Every structure is written in C-alpha cells, then in structure tokens.
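All remarks here apply to the structure that follows.
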Number of protein chains: 2
Amino acid sequence: MNIKQVAKKARVSTATVSRIINGSSAVRPKTAQRVRQAIRALNYYPNTHARTLVSGRSRILGLIISDISNPFFPELVKGFEDVALQNNYEVILTNTNYDSTRMASCVQRMLERKAEGVAIMTSEMNRQLIEELSRRGVPIVFLDVGSVRNRISNICVDYAQGIHEAVDHLCALGHRRIGFISGPLSLKSARTRRSSFLECLKQYDLAKEDTLIVEGNHKIDGGELAMYRLLQLKRAPTAVLTSNDLTAFGALRAIHHARLRVPEDISIVGFDDIELSQFTQPPLTTIRLPRTELGRIAFDALFRILRGDSQKGAAYRIETHLVVRSSTSAAYLLPGSQDLESAAVRRGS
Amino acid sequence: MNIKQVAKKARVSTATVSRIINGSSAVRPKTAQRVRQAIRALNYYPNTHARTLVSGRSRILGLIISDISNPFFPELVKGFEDVALQNNYEVILTNTNYDSTRMASCVQRMLERKAEGVAIMTSEMNRQLIEELSRRGVPIVFLDVGSVRNRISNICVDYAQGIHEAVDHLCALGHRRIGFISGPLSLKSARTRRSSFLECLKQYDLAKEDTLIVEGNHKIDGGELAMYRLLQLKRAPTAVLTSNDLTAFGALRAIHHARLRVPEDISIVGFDDIELSQFTQPPLTTIRLPRTELGRIAFDALFRILRGDSQKGAAYRIETHLVVRSSTSAAYLLPGSQDLESAAVRRGS
DNA sequence: CTAATGGATGTAATCGTTTACATGGCGAGC
DNA sequence: GCTCGCCATGTAAACGATTACATCCATTAG
C-alpha cells in the first residue's frame, strides 16, 4: 500500500514511481507502463501527508466564512470548492460564527494544516493572526477589506452599482421617499451597504431623513421589526431598500400584517438574491450579488499567486445588479396623500 | 519553527518536547515549564502532517453530504463540526451533488487524506468504495441505510413517528382526505418518507387513493406543480402532507394562486422544520427533524468506535415530532360540500 | 576507437514528528 | 553499602513520500 511495494512489483526504484505519479521527468514508455500496471494492481494512491511533509505543498486551501447556515454562503462555498477541486486542491471550510475568538482558531487550524492559501470571506479579522499568515508567506484574499498595502488581495463588491440601479428603478416609478433597513451596524459589510445607500441618496437629491433608516439584524425578525417602525412614521416611505433578502422577507411579513400590499402600497427591494427570493409572495425585486462567482474569484485570486502569475495584494471587482421581479411598482399614492392607513381604508380592508 | 528548535531552546531532546505536547508520559515540572516557555516564545505548533505520518492518526473526520445549499444540511454540518472541533478533530466536508460519480471522488479524497472515520449523510452509495473504506478499517456511519451486517453504523430517523403525530393531529381536526406530496422517488429518503405515510394511512384506516399521492422534487417549484394537480382533483384533499418544507412552500404558493386559503380551505404540513418555516405565511406546521442533533450523533457514532467504546455497526435512532404552527386547522368543509371552487366563491373572492 | 553527451534510472538524504528502547540517576530496601 | 527498580530523559528508527545527485548505458561526434 505504499510506494515501495509499487516499486518492488514494477521492479524499479521508488524514485521512478514518484516520477510517474508526478510526471516530473521523462521515463521510458515501457517502464512507465509497468509502473502504471503495478499502481492499478495494488490500488495504490499516494499518502498526501508524506507528500506534504517533504514537498512543503499541501494542496489544501482554507475558506473562512461566518456561518454556513446563513443562506449567503452555501453558493459561495460551492463556487470556491468546484474550481478548487478541478485544480486538485482540497478545501478546509471553517465558520467563525461571527466571533473573533473563533476566527482565531480558524486561522490557527489553517496554519496547522499548512493551507497554501486562505480566503477570508468574513470580516471578523484579527490583525495578529493575519500577520502570522503573512509572515509564513500564506497568500490571503479578503472580501472588501484587503489592500495592496498589507499585501492582502481584495475582492471588492460594488454594492453601489446595484443600489444605484435600484434607486434609479424606484425613482423612475415615481418614488421619492425611500427607506432603508440596514444590517447590524457592528458588521463591516452592513455598514458598507448602508453608506453606499446614503451616498446614492445624495446623488439623486432625495430626502435624507434619519427616520427613514432603521437598523435590522440581517435576519427575518429584525426586518419585520424594522418595517413596523417605518410603517408607524407619519410620513412613511413608499419604497424600502433592505440590506439583505432575509430582511426583506421580514419587511414583507410586517406589511402583510399591517394589511397593506406589496407592491401596491409599498415597494420592497432585497439584497443578495438568495434562491428563495424567487418564491416569496410577491417574488422579490432584489440586487443580485453573484455568490458562485465570488467563490470562483476568491479561488482564482489565490491560485494566481500560487502559480506566480500575480502579486499578493491584487484587486478584484464584483458587480451587483438589480433583478426586477414583482415587489416593486409605481408609487401608488399621490404626493398629497401619503398616509398609508387611509390607503388601507380606501381599499376597504 | 519545528520541534528541534524548541528542544534546543529548552535544552531537552525532541522526545521530551513531544511528551509535553501529547501528555504521553510524565516529565519533571521544572523541565515541562521550560519547554512550555520555549513553545510560547517560538510560537510553535506541531506539523499535523508529520504527526499523521508517524502516528497513523490524522485527527480528520470526513462528512459527506449531498449539497450544502440544500437547507437540510447546514445545521447538520454545524452540529457535526461543533462536537468534532471540541474533540480536536478536523472535518473535511464534501458534496456529492446527488451524483454517484462524485460520491466516488468524495470517498477517494477521504481515503487520501486518511480520514479516521466517515459520516455519509446521503444515499448515493457505491458498494465498492464503501468496501474499500471498510477494508482499510475506516469506521463509517450512514443515514438510514447502514446495518450491523456490513459493519456500518446506522442512524435511523423515525419518520413514522412524526408522520403519525401529523396524521393524528389532522384527524383530530376532522380531516379524512389527506394528500401527500413526495420527494423525487429516485431518492431513498423520499421513498422512505412516502412509505411511512402509506403505512400510517393504513393504520388510521383512511382513504388511500393513488391520486392523492403526487411526486414532487423536494424543491419549491415541484411542490407548487404537485399541489396544482391535487387542487384539480374532483375530490381534492382537505389536508396535505409534504416530504419536505420546500415542497410545502410550493404548495402554499399554489394554494394562494388558486385564491384559496391556508389553513381555512386546506391544511398543509411540512417536513424537516427548516428555519424559514417559521416565517412563511402562515407559519408552517411541520414535522421537526432535529438536524443539529443528527450531526452530533453522527460524530458520536464515529467517536465511540475510535475510542473503542462501541462496535462498528451500532444503531442510533432519531425521533421526529410535529410542530404545530398555523398552517393546519379544523376541516372547514362539510362532508357533502368538498368542492374547493365553491368555497372560494362562497368567500366572495 | 574513444570521449563526450544526455537520457533513464537508482541511491540516499530529507521533511517533522512519534515512540520503542536505552540510559542515567536517585531513593528505598536489605 | 549494594542492588534493585523506577522515574525522567535521551537516542535513533521509523512513517511515506520527493528530489538532488550519482550512476549507468547507449548514442554520437571527432
């Protein structure tokens, strides 16, 4: 079951067997055939640990995410793993659970298993550990927070673009009061999304009232609560953007409970385009963030460095685009009658 | 950065350092302290590959699932990983994508990375590969399909129990015609769920008409289509059980489109209790399959064998229970008026 | 015909640990 | 005071590959 037995059976040295396995240098076709037969006959496959030990290359890549049960991540993971597998890399997947202590142990495990590169798709970072990785020469790719300066490759998601498209779309439908339900502001990604939205409001010269921006938690219940708060405003928004789709689901629920209608009374726009968004009632207009591609790019970023095709600290960009479904429509209320309760009454509900 | 340097710094032999790290035999407290200091000073951690190579134990466990973006799996994975981590095992996660060719490569990867045990939570099995694992002495735990005979530990999910509770619940509410939307019958788990249902009907002496049983695909669109078919029946069911929650989501959609109401016109029961089921409209009554626990038990089954506390081929059991939410209620229609269309008309919709 | 060249193969060191066995020193029992 | 035994530690052989270097043989050029 080891290379020696194969060598013996094929009447060659272990070096020759190794050469066949790795294609590292030429061997006579006749010898090669004999070796290959022996390998098949013994059902031999090399011991990766021995390989790693001597060659210094583990063919392992690390992927650190927040939480696999967050619907944002599975597709990203699949994208990453698919290409990694195609290139004969094994993936070690770890969850930080949004906890920077656990993040530390994630990185430590990468280090121990000798990952050749690490993709960190979450923002609980720990300077010390990152530097430890850098010092050991392990290439890193980050989501949104890398930079050339620290030699960490960065994948920059262009949130602004999708948000622009959404606001554009809503404006074209006649909306002027647009609300926003953010994620938990402790999260970097949530903050970025919110500030992109604020930026956008400015550009479109739209009302920017603090009351129209409410903090959620990137989960359904938080979206629901936040939406209730928006509905209680004297002058409620006629359209609401949300920081992720789960938040939008919650908003949908709140509006339904308030006996109002989407999109007739209020338009809702989600973010991420998780699979379930096609199946809400009504199907959700949302900003698509191509997560499979994100995973692919993360692998690519690492792979290029490993092959020497690219420097550490390269920058990549991912676009986001609006997907229009049925949760948005023309602003139904006239400027003078922005009272949602009366709308409900008018409809006789 | 290796054990020699630590040994040198602490003025002991590598064997002593190893003893400290593994606690394998007593060392003088004074020496121990010196070694520990050296370890900390050099920021040393052992090379797992070297360890595995010589000790033959990798501290790696394999977990094979179908598809991480199927909402059934994330919690299972988390349950498994959490306990594995607590016991210092690393987890290699692989997806078969419901494809038995890929299943083969999953197992191969486990073999190559020298997993000490493998949990196979999907049913695309490949006799040959399983035997290969067995031959190399790798303990295996399977979902539903293991057995003592082949020395494969088995976790048996008691689908019948939850289904009984559901049927019981529906009967108590006055339902007599209960439909079922199954998963794709190519899947073992879908077949098992369906046959549990059929079994149950018999016990309750309920109508068993083939037309009341429709095949879905364990996804939303399949559930929707299947529900349409049920709605078109002359004598449609007043309650429908589904093989998983996504299917139930689809059914909800279909009923909504048909301008009927859940639960007033039709009661719906899901299966699995994925997180989103709390948030549908109405919140879904469903049969809870405790997936985190499933993951935990899978680890436990392997761990016991590894510690020698248990034989290969042990059996474990997981219970399922009904969770009543709002998608079920008393059968609204009188026996003589089981015409859903007229129900809709009566309500004036 | 000899020497140089180069391609195919073998030899052996190496990677970083663990662990069986050897050694050394010290206390206890006689 | 000697021996026995035990505890703490060291020595060195594995584990299973890769790979630099050496060797061998055949071919070709001079």
Side-chain angles (χ1 to χ4, degrees), chain A residues 1-39 42-60 88 90 108-109 111-116 136-137, chain B residues 1-39 42-60 88 90 108-109 111-116 136-137:
Chain A
M1 38 168 76
N2 61 17
I3 203 172
K4 270 190 197 166
Q5 304 197 18
V6 176
K8 198 165 89 180
K9 185 167 181 99
R11 304 188 312 277
V12 294
S13 72
T14 62
T16 301
V17 179
S18 173
R19 277 188 271 259
I20 298 275
I21 295 169
N22 301 297
S24 46
S25 85
V27 311
R28 209 152 42 110
K30 218 169 147 181
T31 325
Q33 204 196 337
R34 225 170 49 235
V35 173
R36 266 188 262 276
Q37 270 175 8
I39 288 178
L42 297 175
N43 191 15
Y44 166 81
Y45 47 87
N47 180 319
T48 53
H49 301 283
R51 269 184 156 181
T52 300
L53 189 55
V54 57
S55 72
R57 308 215 272 89
S58 62
R59 299 211 75 85
I60 288 178
N88 286 313
E90 193 65 53
Q108 186 60 36
R109 279 153 63 199
L111 246 16
E112 283 173 8
R113 298 281 164 186
K114 296 280 179 282
E116 292 183 44
R136 314 237 171 194
Chain B
M1 36 167 78
N2 60 18
I3 204 174
K4 271 190 198 167
Q5 304 197 20
V6 176
K8 198 165 90 179
K9 185 168 180 98
R11 303 187 314 276
V12 293
S13 72
T14 62
T16 301
V17 178
S18 174
R19 279 188 270 261
I20 298 274
I21 295 168
N22 300 298
S24 46
S25 84
V27 311
R28 206 151 44 110
K30 217 170 151 182
T31 325
Q33 204 196 338
R34 226 169 49 233
V35 173
R36 266 189 262 276
Q37 270 175 7
I39 287 177
L42 297 175
N43 191 15
Y44 166 81
Y45 48 88
N47 180 320
T48 53
H49 300 283
R51 270 185 155 180
T52 299
L53 188 54
V54 57
S55 72
R57 307 213 274 90
S58 62
R59 299 211 75 84
I60 288 178
N88 286 313
E90 193 64 54
Q108 185 60 36
R109 280 153 63 200
L111 247 16
E112 283 174 8
R113 297 281 165 186
K114 297 278 178 285
E116 291 183 43
R136 313 235 172 196

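What you see is a predicted model, and the numbers here were worked out from it, not measured in a lab. Every chain is numbered from 1 and lettered A, B, ... according to where its sequence line falls, protein lines coming before strand lines.
- In this entry the distance linking OH of Tyr45(B) with P of dG16(C) reads 12 Å, nearest Å.
- In this structure, Glu116(A) and Arg59(A) have side chains that are in contact, with non-hydrogen atoms separated by less than 4.5 Å.
- Distances shown here put a side-chain N or O of Tyr44(A) below 4.0 Å from the OP1 or OP2 atom of dA17(D).
- Rounded to a whole Å, the CG atom of Asn22(A) is 12 Å from the P atom of dA20(D).
- Between Arg113(B) and Ile60(A), the closest side-chain pair of non-hydrogen atoms falls below 4.5 Å.
- At whole-Å resolution of the value, CD in Gln5(A) and C1' in dC15(D) are 13 Å apart.
- Two residues are said to be in side-chain contact when any heavy atoms from C-beta on lie closer than 4.5 Å; Lys30(A) and Arg34(A) fail this criterion.
- Going from atom CZ of Arg51(A) over to atom C1' of dG16(D) covers 11 Å, rounded to whole Å.
- Across all strands, Val17(A) comes closer than 4.0 Å to no nucleic acid atom at all (heavy-atom distances).
- Side-chain contact between Thr16(A) and Arg19(A) is present, with at least one heavy-atom pair separated by less than 4.5 Å.
- At the phosphate of dG10(D), OP1 or OP2 sits under 4.0 Å from a side-chain N or O atom of Thr16(B).
- Using a 4.5 Å cut-off on side-chain heavy atoms (C-beta onward), Asn2(B) and Asn47(B) make no contact.
- Nearer the 5' end of DNA chain D, as judged by each residue's closest nucleotide, is the contact made by Ala15(B), out of Ala50(B) and Ala15(B).
- Rounded to a whole Å, the CD1 atom of Ile3(A) is 11 Å from the P atom of dG16(D).
- Taking for each of His49(B) and Ser24(B) the nucleotide of DNA chain C with the nearest heavy atom, the 5'-most of the two is the partner of His49(B).
- Mapping Arg19(B) and Asn47(B) onto DNA chain C via the closest heavy atom, the residue that lands nearer the 5' end is Asn47(B).
- Rounded to whole Å, the distance from NZ on Lys30(A) to P on dT9(C) is 11 Å.
- Minimum atom distance to the side chain of Leu53(A) is reached by dG16(C), of the listed dG16(C), dT11(C), dA17(D).
- Between Ser18(B) and dT18(C), a side-chain N or O to OP1/OP2 separation shorter than 4.0 Å is present.
- Contact annotation for Thr31(A): backbone-only contact, meaning every heavy-atom pair under 4.0 Å involves sugar-phosphate atoms and none involves a base.
- Between dT17(C) and Asn2(B), no contact under 4.0 Å exists linking OP1 or OP2 to a side-chain N or O.
- We find that CD1 of Ile20(B) is positioned 11 Å from C1' of dA8(D), with the value rounded to whole Å.
- Nearest nucleotide to the side chain of Ser25(B), out of dA17(D), dT9(D), dT18(C): dT9(D).
- Close to dT18(D), at under 4.0 Å from its OP1 or OP2, lies no side-chain N or O of Ser55(A).
- Side-chain N/O atoms of Arg28(A) include none lying less than 4.0 angstrom from OP1 or OP2 on dA8(C).
- Residue Arg59(B) contributes atom CZ, which lies 12 Å from atom P of dT18(C) at whole-angstrom precision.
- With a 6.0 Å radius and a threshold of 12 heavy atoms from other residues, nucleotides or ligands, Arg57(B) has its CZ atom at or below the threshold.
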